[in-house]
Amino acid sequence: MPRWVRPEVYPLMAAMTFVTSMCVFQLTRNIFMNPDVRVNKEHRTTAVLENHDEGEKYAEHGLRRFLRTRPPEVMPTVNSFFSNTK
């Protein structure tokens with residue numbers, strides 16, 4: 001093993017790997033699914049694309065639809081523990 005890879009470095013490597021993978025995921029999602037990004041020549045020739053359905057599908061993805069039905073709390077158990085008096 002290289003000299004700089006010590007057990008103290010593992011949390012930093014895990015955090016950096018997670019952040020890098022999230023950046024790669026977002027960039028890949030934008031390149032392949034964003035209706036405003038034009039990769040092929042047919043779409044690049046048109047100045048304004050009339051693709052409202054595709055834009056709606058991109059903006060209203062599954063995670064956003066799921067979170068819309070959830071309460072806006074990060075830790076609901078901790079919030080209810082400290083807010084409910086017994």
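Every value quoted in this text rests on a predicted model; they were computed, and no experiment measured them.
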Practice task
Kindly say whether T17 contributes a backbone atom to a donor-acceptor pair with the side chain of T20 at under 3.5 angstrom?
Solution key: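 Absent.
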
Practice task
Could you tell me whether the side chain of H61 reaches within less than 4.5 Å of the side chain of R29, counting heavy atoms only?
Solution key: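 A side-chain contact exists here, since the closest heavy-atom pair is under 4.5 Å.
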
Practice task
Measure the CD1-CG distance between I31 and L27 for me, rounded to the nearest 0.5 Å.
Solution key: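 Interatomic distance, I31 CD1 to L27 CG, rounded to 0.5 Å: 6.0 Å.
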
Handout entry: From CG (L12) to CD (E8), nearest 0.5 Å
Key =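 Those atoms lie 11.5 Å apart.
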
Exercise for the section: Check the hydrophobic clustering (I, L, V, M, F, W, Y; side-chain heavy atoms under 4.5 Å; chains of links allowed) and say if F82 and M75 are grouped together. Expected result: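 Linked within one cluster.
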
